[in-house]
Amino acid sequence: MSDLEEGDGGETLFSKGWPVGQAEEDRISQKDAIKSLRDSGDVDNILERGSWEEEMVADCRTRLAVRPHSARAVLFYSQNPDGTPDSSSLHGGCPVIKGEKWAANLWVWNAPRGGFDGSPVNQDVVDKNRA
């Protein structure tokens, strides 16, 4: 619900992902990203050096991150079809460096989808339906 410019922070970060289309050799380590962040002066007097917030901002600038925009939404699944957690959906909110961020979340819960290899079975439900 907010529009933030590049460098303002507030992105939704998928910490296990890399930017789409980025070649592997172009990936930047967190250590190098932190050095670049400190050299830029963008977060002087905002973030404490060595803090988890500084590490997260470095990740936000190098990993798969979606910048806030009032006319966009981010849709992703946090489960595989068999109901197991999808570790690639691990996400978080990047600290806002400049401006403010307003957002709204909508969570949709569903059950594991049957018919897939490895789908969990609730034996109590199966027994009750058979009875």
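Position 1 is the first residue of the sequence, and the numbers go up from there. Since this is a predicted model, take the numbers as computed values, not measurements.
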Could you pull out the closest heavy-atom pair between [X] and [Y], with the gap in Å?
X     : Y     : answer
Ile34 : Ala58 : CG1-CB, 3.5 Å
Val96 : Gly99 : CG1-O, 3.4 Å
Thr62 : Pro19 : O-CD, 3.4 Å
Gly9  : Pro68 : O-CD, 4.0 Å
Glu54 : Leu47 : CA-CD1, 3.9 Å

Working to the nearest 0.5 Å, report the span between [atom1] of [X] and [atom2] of [Y].
X     : Y     : atom1 : atom2 : result
Arg38 : Asp44 : CZ    : CG    : 10.5 Å
Arg63 : Arg27 : CZ    : CZ    : 7.5 Å
Ile46 : Lys98 : CD1   : NZ    : 10.5 Å
Phe14 : Asp59 : CZ    : CG    : 14.0 Å
Lys31 : Glu55 : NZ    : CD    : 13.0 Å
Met56 : Arg61 : CE    : CZ    : 13.0 Å

N/O donor-acceptor pair under 3.5 Å between Asp8 side chain and Glu5 backbone: yes
Salt-bridge present (Lys101, Asp3; N to O < 4.0 Å):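 Between Asp3 and Lys101 there is no salt bridge, as every charged N stays at least 4.0 Å from the carboxylate O atoms.
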Residues Lys35, Asp39: salt bridge by 4.0 Å N-O rule: yes
Heavy atoms, side chains only, cut-off 4.5 Å: are [X] and [Y] in contact?
X     : Y     : value
Leu13 : Leu64 : no
Arg67 : Glu6  : yes
Ser78 : Asp86 : no

More than 12 heavy atoms from other groups under 6.0 Å of CD on Glu25: yes
Side chain to side chain contact (heavy atoms under 4.5 Å, CB included) involving Trp102 - partner list, sequence neighbours excluded: Met1, Ser2, Glu100
ILVMFWY network linking Phe76 to Val66, side-chain heavy atoms under 4.5 angstrom: yes
